[in-house]
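Here is the structure we will look at.
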Amino acid sequence: MLLRLDRALSSYTAISRSELRKKIRSGAVSVNGKTVRDETSRIDTGCDRLLLEGEPVTCGPLYVMLNKPAGFVSATSAPGERTVLELLPPSLRRKNLFPAGRLDKDTVGFMLLTDDGAFAHAILSPKRHVPKTYFVRACGMPCGGQDAFARAFSEGMLLPGGERCLPAEFALLSAERETLEARVVLHEGMYHQIKRMFSAFGCRVSYLRREKIGGLSLDEALAEGECRALTAEEIQLICTPETDKA
Ligand code: URA
């Protein structure tokens with residue numbers, strides 16, 4: 001797609017048009033290795049290599065994997081709160097970036113941010129069944145026993161309040177002294193879903209981490225609070241039908 005240089009930079013960064021014009025005129029922008037000072041010149045977003053102050057600018061939709069720490073809310077703005085967007089470095093900031101799906105403020109792990117609305121809708125829609133895998137630590141033993149718990153997950157749990165969950169997977173990892181650890185796979189994202197599912201069986205979730213979306217696992221090299229852009233192969237993996245069980 002052919003775009004004016006200032007328009008392209010405005011779409012693919014979080015910097016205002018007037019600020020961008022100043023940067024372009026000062027020689028901070030290069031296209032395919034050559035400095036371009038004319039903001040009206042056109043670039044081909046499909047093939048031109050754009051650098052702003054030496055940093056590459058990704059033309060086209062952006063997909064960011066964040067290892068979300070506790071204490072940040074999954075929103076673009078929230079008065080009095082820190083949002084996950086604040087964790088992005090300048091090179092990954094964009095005006096229209098948003099979290100694709102919510103994690104609770106105290107939940108950690110794989111959070112996807114994108115400016116591709118259709119992609120976000122596709123991975124969040126319960127109809128598409130893109131699995132989300134979580135590690136859960138909870139206090140208390142499920143009333144009725146672990147088998148009843150796992151059965152309720154696989155049959156589609158009825159939550160107090162009458163909401164019916166889609167069938168989910170539960171795999172016990174350990175159970176010691178009133179603390180259990182489990183891996184849970186959901187195919188939808190209802191409000192506080194895992195906490196409510198555990199609470200329905202008398203267990204309180206004390207730690208929750210999302211490990212995987214679709215077939216893509218959280219990059220273990222990312223410390224909490226760190227993020228990076230996804231590669232085209234990784235974006236594909238998110239939508240790849242998942243056959244692994246928890
Ligand atoms: N289920 C929850 O209860 N919380 C989350 O953040 C994600 C899934």
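The structure displayed is predicted, hence computed values, not measured ones. Counting convention: from 1, in listed order, for ligands and their atoms alike.
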- [ ] Determine the minimum heavy-atom distance between Ile43 and Leu50, stating which atoms define it.
- [x]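 Result for this residue pair: CD1-CD2, 3.7 Å.
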TODO: For the pair Glu39 and Arg7, find out whether any cationic side-chain nitrogen is under 4.0 Å from an anionic carboxylate oxygen.
DONE: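 No, Glu39 and Arg7 are not salt-bridged.
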- [ ] Please determine if Glu224 and Arg209 form a salt bridge, counting it only when a charged side-chain N lies under 4.0 Å from a carboxylate O.
- [x]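 No salt bridge links Glu224 with Arg209.
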Hey, is ligand 1 close enough to [X] that some N/O pair sits below 3.5 Å?
X	result
Thr107	yes
Arg102	no
Ile194	yes

TODO: Apply the side-chain contact (heavy atoms from CB on, under 4.5 Å) test between Lys68 and each candidate in Leu103, Asp104, Val73; give the one that qualifies.
DONE: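 One option only clears the test, and that one is Leu103.
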Open item on the list: Just to confirm my output: which protein heavy-atom neighbour is closest to atom 4 (N) of ligand 1, and how far is it?
Closed with: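 Here the nearest protein heavy atom works out to Asp104 OD2, 2.7 Å.
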Open item on the list: Is a donor from one side chain sitting under 3.5 angstrom from an acceptor on the other, for Asp116 and Thr114?
Closed with: no
Open item on the list: Counting only heavy atoms closer than 4.0 Å, does ligand 1 sit against the backbone of Leu186, its side chain, both, or neither?
Closed with: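 The answer is neither; Leu186 stays 4.0 Å or more away.
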TODO: Could you tell me whether ligand 1 has any atom less than 4.0 Å away from a heavy atom of Tyr134?
DONE: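 So Tyr134 counts as touching ligand 1.
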